[in-house]
Amino acid sequence: MLPQRDDMPARARGGAAAAEPRRVATAKKRFNVGVVLGRIRKAVQLFADAGMFALRDLGFGTAFQQLVGCIISIRARDEVSVPAAQRLLERAPDPETMSRMSAREIDELIHPATFHESKAKQIRDMAVRVTEEFEGDLPCDFDVMTSFSGVGPKCANLALGVACNEPSISVDIHVHRVTNRWGYVSTKTPEQTRVALEKQLPKKYWIEINRLLVPFGKHICTGTLPKCSTCPVLEYCEQVGVTRHR
């Protein structure tokens with residue numbers, strides 16, 4: 001009989017006692033969303049505010065201004081999109097003024113943003129419609145907002161929350177990734193995450209969760225190599241999908 005080698009897999013050597021040892025997972029505390037968000041609220045004070053909240057604090061907080069800013073922000077970093085939106089809205093703060101601009105003029109002001117040409121056309125078309133159909137006053141209505149080209153549920157809900165103070169959950173890639181990493185939801189897409197959060201997240205956090213998890217996701221719970229060792233909510237996080245971290 002051939003001798004058993006020490007480097008052979010335990011299963012190959014046979015015997016129940018020789019089974020490979022299981023890695024024992026670190027016990028986690030029962031998830032408490034209030035405690036978790038409270039800790040994150042303190043942690044993100046060191047970082048720049050989420051884009052649309054920062055734009056509101058610059059004085060551009062109407063529903064129309066928020067939708068304009070959100071369209072510009074799609075697939076663009078806040079460091080680029082917020083200044084671009086500010087330049088445009090300083091020139092044309094209301095739908096009527098913006099409707100008198102050409103798409104090319106709008107494009108020149110938001111040029112650093114990604115897909116600026118198509119966004120400029122979408123923004124102008126929206127300004128014209130708001131001026132003609134709603135007398136320049138965009139209603140706080142989800143269906144109306146999502147009827148504009150370039151405006152999806154994320155932007156509509158963000159505008160409803162930031163501009164209209166209506167409880168709504170805006171899910172971007174950071175909110176989607178972080179809440180799934182916690183194990184708080186288990187979803188495949190941001191839209192599925194929004195639906196799941198609407199079922200279980202207390203309404204008092206609906207607007208704030210985007211404001212908190214955008215900077216948290218950018219600087220702490222990052223897409224690659226999250227800073228788990230210094231994370232303020234590690235004891236509550238299931239670290240779903242995390243294979244490497246700092």
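Heavy atoms only: backbone and side chains are in, while hydrogens, waters and symmetry mates are out. The chain is numbered in sequence order, starting from 1.
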Determine whether a donor-acceptor pair (N or O, by modelled atom type, separation under 3.5 Å) exists between the side chain of [X] and the backbone of [Y].
X: T97; Y: P93; value: no
X: S168; Y: G161; value: yes
X: N157; Y: I169; value: yes
X: W206; Y: E198; value: no
X: K119; Y: I74; value: yes
X: Q86; Y: V82; value: no

Compare every heavy atom of [Y] with every heavy atom of [X], then report the nearest pair and how far apart it is.
X: A50; Y: D78; answer: C-OD2, 4.0 Å
X: R124; Y: S99; answer: NH2-O, 3.2 Å
X: A63; Y: A159; answer: O-CB, 4.3 Å
X: T222; Y: R181; answer: O-NH1, 2.8 Å

Is it the case that more than 12 heavy atoms not belonging to [X] sit under 6.0 Å from its [atom1] atom?
X: R246; atom1: CZ; value: yes
X: E135; atom1: CD; value: no
X: E96; atom1: CD; value: no
X: N165; atom1: CG; value: no

| Non-hydrogen side-chain atoms of Q200 and V185 separated by less than 4.5 Å |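 Answer yes - side chains close enough.
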| field | Flag side-chain contact, heavy atom, 4.5 Å: K28 against L234 | value | yes
| task | Name the orientation class of the two ring planes belonging to F216 and W182 (parallel below 30°, tilted from 30 to 60°, perpendicular beyond 60°). | result |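 Correct class here is tilted.
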| message | For residues 29-43, which residue pairs pass the salt bridge (Lys or Arg N to Asp or Glu O under 4.0 Å) check, not counting sequence neighbours? | response | K29-E235, R39-E235, R41-E208
| Can we say D125 and K121 salt-bridge, meaning some charged N sits less than 4.0 Å from an Asp/Glu carboxylate O? | yes
| request: Applying side chain to side chain donor-acceptor pair (under 3.5 Å), name anything that partners E191, two or more places apart in sequence or on another chain. | output: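 Result, side chain to side chain donor-acceptor pair (under 3.5 Å) vs E191: R194.
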